[in-house]
Novice: 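Right, I'll just put the structure down here and ask away after.
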Amino acid sequence: MSDSEDDRPLKAKAKSKDTISKADDAAMDKQIPTNGHVNPGISIAMGPVTDMDVDKPITNGHTNGKRKVSLANGKSYKDDSDSDDDVPLQKKRKTNTASSDDDVPLKKIVKPPKVTAAMVGEESDDDVPIGQKLQQEKEKIEKKAANEAKALRRKDKTNDAKRKIKKQADSDDDDDKPLIKKQKTALLNKEAKPIKKEESDDDVPLKKKAPAKKVKKEVVGPVKKGKTTGTVKQEEKSADDEEAEDEEEEYRWWEDQAKGDGTVKWNTLEHNGVVFPPEYEPLPKHVKMLYDKMPVTMKPDAEEIAYAFGSMLSSAHNVENPTFRKNFFADFKDMLDETGHAKDKDGNTIKIKQLEKCDFQPIFDHVDAERSAKKALPAADKKKLKAEKDEKEAAFMYCMWDGRKQKVGNFRVEPPGLFRGRGEHPKTGKFKKRVTPEQITINIGKEAMVPKPPDGHSWKEVKHDKEGTWLAMWQENINGAYKYVMLAANSDIKGKSDFKKFEKARELKKHIDTIRKDYHQELRSDVMATRQRATAVYLIDQFALRAGNEKGEEEADTVGCCSLKFEHVTLRPPETVIFDFLGKDSIRFYDEVKVDAQVFKNLKLFKRAPKTEGDEIFDRLTTSGLNKHLSNYMQGLTAKVFRTYNASWTMANLLRDMKAEGTVANKVLAYNAANRKVAILCNHKRTVAATHGAQMEKMEGRIDGLRYQQYRLKQQMLDLETPAKLKKKRGEAYFALPEGLDEEWVAKHQEALVEETRDKIRKKFEKENEKLAAEGQKEMKGKELEERMEVADEMEAKFKREHKKGGKIEAEGKGPTVEKLEAGVEKLDTRIATLKIQSEDRESNKEVALGTSKINYIDPRLTVVFSKKFDVPIERFFSKTLREKFDWAIKSVEEDWEF
DNA sequence: CAAGGGTACTCGGTTCGTTCCGG
DNA sequence: CCCGGAACGAACCGAGTACCCTT
């Protein structure tokens, strides 16, 4: 086991040793900071993690490392002791082998007992690691058979059976085994039919047949065009039908356990393809880019790139970015070279050599004018335009998936433009080219009519891949990334996979204790690879780090757990770790946390010289290796499942421990606070809005205004009863000017109040006049305004009077009493309190994005349960689209459901 | 495996358009 | 009742994860 550094690939400069000796370990005990630049001072209150803390809750912080979330749960699951038959084995192995691939043979031992008939209906995981081919085959067959049998037993037998036939008729038979074949033939003999035919009546899910009357079908979209609308059929549905919760029409797939665990995603699929962006319209003759102050003309293809740049001049952030400029200009010049150079007004060739000499302002002005014109359009016109667009696109919005109408998510092909990218992306500014039909692959049912490509064009390919959920696909020219047209979030298929995701996370609950126990043990392994792996799992579990795939040179320089580098982790003895790196989307991950002493030691070890900046901390670990290890515990367990699990688990605990008190608004606020904790755990950040500071000040101002009002009411009490008596009763402080306010502030505030009142009166006056004028009546005279202004004048006078009397405030209102004033003070108290909460809420939310965790990480059933238990309408938590997306959750759980 | 390309899917913040709300 | 801006929601499209297959 040689460990020479030179047999490593070039990019890895320094690597850890294969094994860790006692001496190595001991060396790590010496508490020397491995990194000089630690910013001391902030320490975090966080329970130390010990080996005993196996089901320790998530703890995490964010920015500034100031706050920490720490959740108590400490619940343990007894039921997993018998399900973790792989663990002891692992430990055994490790003790007598020093090789780093100690997990490979394991899998064989782990797998077999998994598949039982009982599980078939429940388990939804179908990804079996490689090297399991045979096993996989067998499992597949068994599952399939069981499913088949089950499906047949279902009440909607005919329908299901039919699908099966189609499925098998279409699929290449390579995994068909006797059992299935038997069924298949039987079915085929019974009622095989050409698919097209089925559309008459019997393709409709059985349930629908019951009413029998209105199973009519209709061509979607503008019939007259007749081009691309040929095949997509849909039911005729009246608008109110949509709302009328028609039990019979709905497909409750989440109750349909027999389906959804194969890899075949559909049996029939019909759709109309994609919508292309409008062709580029060359600029009007008088709008030209200037080169060296001279207007130049170029071919539309080149002009389109200039146009893209010119129309974003207002985005200084991009336009002034050197990389952006460089990339843009390179692509621009290339296109000029390709299409013929720019010409001046006399037709002379102008060679464009310097971006600095290009003046895009005329283009920008033109675009800007067009934008404003569009904005200024009368509402009616806008509506009309929108209606036209909607009609054109109607045919593309839906598809027929296994006979059910489903919404398509992104049916529009992405328009050309300048690529932005996130963070310091090396390719920012490059021109993202127009996608042609020739680049687009269509995925569609064999029997369905293939959408017609635009005239004179053809598709790259037409596939009938039932294992894919996409309808169309192309490759983008910047990163070579694949772009897919898939169904919308509220579709059955997306719902199913969402459901599967959360069920998988819930399953992790059963294994988490074992996993935690194991990694705590393996933190001490003398095999470097194992120890690194254990440490990584620890970080992923505790701090919700992402897996951290390797990335290429041509991508933004961001990392996750496995790709953390030397400089991203700073150690501050005794056991504080400071993470500071750019994660996904170049979002900064900054956190100071206390970790298990052994983890601290390990990180120190993994950072040991000769490693230095740029070297990977987990040099013996890849995401696939890590995931492979995890999948030993549970089928389909990967690093990202921990994020889902921890997020939902955190939310579950927060909601469970919540008290059902207060108003609906209070409950919503409390829910949002929990949501926020999860968002912070997942490091979901957003940039602070430019207006945030001003908004906060405004709110503070409003609060101060209310406090001043309170002060005035209290002063009025003194006007009603003997001050000395009152003061004795309430205390001097009760009547003092609120903290933070002083004479100067009061003077200003009063001035502002008066001014405000005047403003309001004036505005109202003017508006009324306008109205009168519009109606052809006589306008009011200036005198009327003056009269109205008296209110403000009086106010001003009152303030003056008070000032003269040394601040004494006379009681106002009809029949003022101390009691009435006091009631007023109390009312203000509540208003102030709510405002304060709002303000705090806003402040703590300024850089946290709640949406992502709500949409992707928090099991929606938790929210549904909360909504039911606390009697808050679900609308307060889920928007319309979210309610559609989480339809399955809303309809499937009762109050007692637990994550 | 390893390394690397290929593919398909989820996750993610920003932008843009609409609605809501206080004055 | 209207207006302006803030809040909200949907659209957009970029960036990850994960796993496959090949050499």
Side-chain angles (χ1 to χ4, degrees), chain A residues 9 11 100-101 104 127-131 263 265 315 371 375 382 386 409-415 417 419-423 425 427-428 432 441 443 465 467-470 473 475-476 478-484 486-489 493-494 497-498 500-501 546-552 555-556 558-563 582-587 622-628 630-631 636 638-641 643-644 679 682-687 689 691-692 694-695 698-699 702 756-757 759-760 763-764 767-768 770-771 842 845 847 849-853 855-857 878-882 885:
Chain A
K11 66 180 271 243
S100 55
D101 55 350
V104 178
D127 9 39
V128 180
I130 19 172
T263 49
K265 309 294 198 312
S315 166
R371 272 188 205 140
K375 222 174 173 180
K382 275 191 205 163
K386 193 169 181 288
N410 54 327
F411 51 85
R412 270 179 281 264
V413 174
E414 289 175 17
F419 176 81
R420 252 92 86 171
R422 311 272 163 79
H425 201 290
K427 291 184 177 174
T428 188
K432 192 169 78 173
T441 303
N443 192 33
D465 180 5
E467 298 188 1
T469 66
W470 51 276
M473 179 214 83
Q475 218 170 349
E476 152 265 309
I478 306 288
N479 300 302
Y482 295 85
K483 300 283 189 165
Y484 295 88
M486 291 186 202
L487 296 200
I493 190 71
K494 291 287 186 188
S497 97
D498 219 26
K500 258 173 91 171
K501 173 179 78 184
R546 292 194 182 80
N549 280 329
E550 291 300 326
K551 293 186 75 184
E555 297 170 89
T558 61
V559 297
C561 184
C562 295
S563 48
L582 296 184
K584 182 179 177 181
D585 292 290
S586 291
I587 299 295
T622 62
T623 51
S624 58
L626 180 84
N627 284 339
K628 227 180 124 196
L630 292 175
S631 71
T638 61
K640 73 182 283 247
V641 179
R643 265 170 86 78
T644 314
C682 295
N683 200 44
H684 292 144
K685 290 197 203 166
R686 59 174 181 177
T687 50
T691 52
H692 176 77
Q695 282 168 19
K698 217 165 141 187
M699 284 188 101
R702 276 171 65 194
E756 218 174 89
T757 323
D759 253 12
K760 234 187 268 172
K763 271 196 185 148
K764 195 173 175 211
K767 213 183 279 163
E768 282 179 24
E770 254 172 58
K771 210 174 175 185
R842 175 189 294 264
N845 240 355
E847 52 180 15
L850 299 190
T852 306
S853 49
I855 294 168
N856 300 302
Y857 288 102
F878 292 155
S879 67
K880 184 165 166 283
T881 33
L882 232 40
K885 173 179 157 93

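Just so it is clear: chains get the letters A, B, ... in the order the sequence lines come, proteins before strands, and each one is counted from 1. Keep in mind that the numbers below use all heavy atoms, side chains included, and drop hydrogens, waters and symmetry copies.
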Novice: Residues in side-chain hydrogen bond (donor to acceptor under 3.5 Å, both in side chains) with A:S624, at least two apart?
Specialist: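 Listed in chain order: A:T622.
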Novice: What's A:G480 touching, base or sugar-phosphate or nothing? Going by heavy atoms closer than 4.0 Å.
Specialist: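 If one applies the 4.0 Å heavy-atom cut-off, A:G480 turns out to touch nothing in the nucleic acid.
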Novice: Within this structure, what is the CZ-to-P distance between A:F878 and C:dC8, rounded to whole angstrom?
Specialist: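 Value for this atom pair: 16 Å.
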Novice: Between A:T558 and C:dG16, does any side-chain N or O lie under 4.0 Å from OP1 or OP2?
Specialist: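 The answer is yes; a side-chain N or O of A:T558 sits under 4.0 Å from OP1 or OP2.
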Novice: Determine: side-chain N/O of A:K628 to OP1/OP2 of B:dC1, distance under 4.0 Å, yes or no.
Specialist: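 Indeed, a polar side-chain atom of A:K628 lies that close.
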Novice: Which residues satisfy the side-chain hydrogen bond (donor to acceptor under 3.5 Å, both in side chains) test with A:N627, sequence neighbours excluded?
Specialist: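 Not a single residue meets the side-chain hydrogen bond (donor to acceptor under 3.5 Å, both in side chains) criterion with A:N627.
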Novice: Using side chain to side chain contact (heavy atoms under 4.5 Å, CB included) as the criterion, list what pairs up with A:T691, not counting sequence neighbours.
Specialist: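 Scan of A:T691 (side chain to side chain contact (heavy atoms under 4.5 Å, CB included), adjacent residues dropped) gives A:A689, A:Q695.
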Novice: Over all strands shown, is A:A481 touching base, sugar-phosphate only, or nothing at heavy-atom distances under 4.0 angstrom?
Specialist: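 The residue A:A481 makes no contact with any strand.
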Novice: Please report the distance, rounded to the nearest Å, between CD in A:E550 and C1' in C:dT17.
Specialist: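 Taking atom C1' of C:dT17 as the reference, CD of A:E550 is at 13 Å.
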Novice: Grab the CG-P distance between A:N627 and C:dG16 for me, whole Å please.
Specialist: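 Result: 17 Å.
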Novice: Considering residues at least two apart in sequence or located in another chain, which fulfil the side chain to side chain contact (heavy atoms under 4.5 Å, CB included) criterion with A:K432?
Specialist: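 With sequence neighbours excluded, A:K432 shows a side chain to side chain contact (heavy atoms under 4.5 Å, CB included) to A:E414, A:E476, A:N477, A:I478, given in chain and number order.
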Novice: Can you give one letter per nucleotide of nucleotides 8-20 of chain B, 5' to 3': B if a protein heavy atom sits under 4.0 Å from the base, S if only from the sugar-phosphate, - if neither?
Specialist: BBSBBBS------
Novice: B:dG5 C1' sits how many Å from A:N479 CG, rounded?
Specialist: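 Roughly 15 Å, once rounded to whole Å.
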Novice: Between A:N549 and C:dG16, does any side-chain N or O lie under 4.0 Å from OP1 or OP2?
Specialist: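 Checking A:N549 against C:dG16: no side-chain N or O falls below 4.0 Å of OP1 or OP2.
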Novice: Check for a donor-acceptor pair, side chain of A:S631 on one end and backbone N or O of A:G636 on the other, with a separation under 3.5 Å.
Specialist: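 Such a contact is absent between A:S631 side chain and A:G636 backbone.
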Novice: For C:dG9, does either OP1 or OP2 sit under 4.0 Å from a side-chain N or O belonging to A:S879?
Specialist: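 So the side chain of A:S879 is outside the cut-off, no N or O lying under 4.0 Å from OP1 or OP2 of C:dG9.
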Novice: Please tell me which of A:V641 and A:P415 maps to the more 5' nucleotide of DNA chain C, matching each residue to the nucleotide holding its nearest heavy atom.
Specialist: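 Closer to the 5' end of DNA chain C: A:P415.
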Novice: Are the side chain of A:R643 and the backbone N or O of A:Y857 linked by a donor-acceptor pair below 3.5 Å?
Specialist: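 Such a contact is absent between A:R643 side chain and A:Y857 backbone.
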Novice: With nearest nucleotides of DNA chain C determined for A:R412 and A:C561 from heavy-atom distances, which residue corresponds to the more 5′ nucleotide?
Specialist: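 It is A:R412 whose nearest nucleotide is closer to the 5' end.
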Novice: Classify A:Q695 by what it touches in the nucleic acid, base, sugar-phosphate, or nothing, heavy-atom distance under 4.0 Å.
Specialist: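 Sugar-phosphate only.
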Novice: Does A:Q475 offer a backbone N or O that forms a donor-acceptor pair with the side chain of A:K483 under 3.5 Å?
Specialist: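 The answer is no, because no donor-acceptor pair under 3.5 Å joins these two groups.
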Novice: Between A:H692 and C:dA6, is there a side-chain N or O to OP1/OP2 distance below 4.0 Å?
Specialist: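 It does not, given that no N or O in the side chain of A:H692 lies less than 4.0 Å from OP1 or OP2 of C:dA6.
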Novice: Roughly how many Å is it from CG in A:N410 to P in C:dA11, rounded to a whole number?
Specialist: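 Taking atom P of C:dA11 as the reference, CG of A:N410 is at 11 Å.
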Novice: Write down the distance between CG (A:L582) and P (C:dG16), rounded to a whole number of angstrom.
Specialist: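 So the CG-P distance, A:L582 to C:dG16, works out to 10 Å.
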Novice: Rounded to whole Å, how long is the line connecting atom CE of A:M699 with atom P of B:dG23?
Specialist: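 After rounding, the reported distance stands at 11 Å.
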Novice: Name all residues meeting the salt bridge (charged side-chain N to carboxylate O under 4.0 Å, His left out) criterion together with A:K427; count only those two or more places apart in sequence or in a different chain, and write none if there are none.
Specialist: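 In terms of salt bridge (charged side-chain N to carboxylate O under 4.0 Å, His left out), with neighbours along the sequence ignored, A:K427 is linked to no residue.
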Novice: Whole Å only: how far is the CD atom of A:E414 from the C1' atom of C:dC12?
Specialist: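 Answer to the nearest Å: 8 Å.
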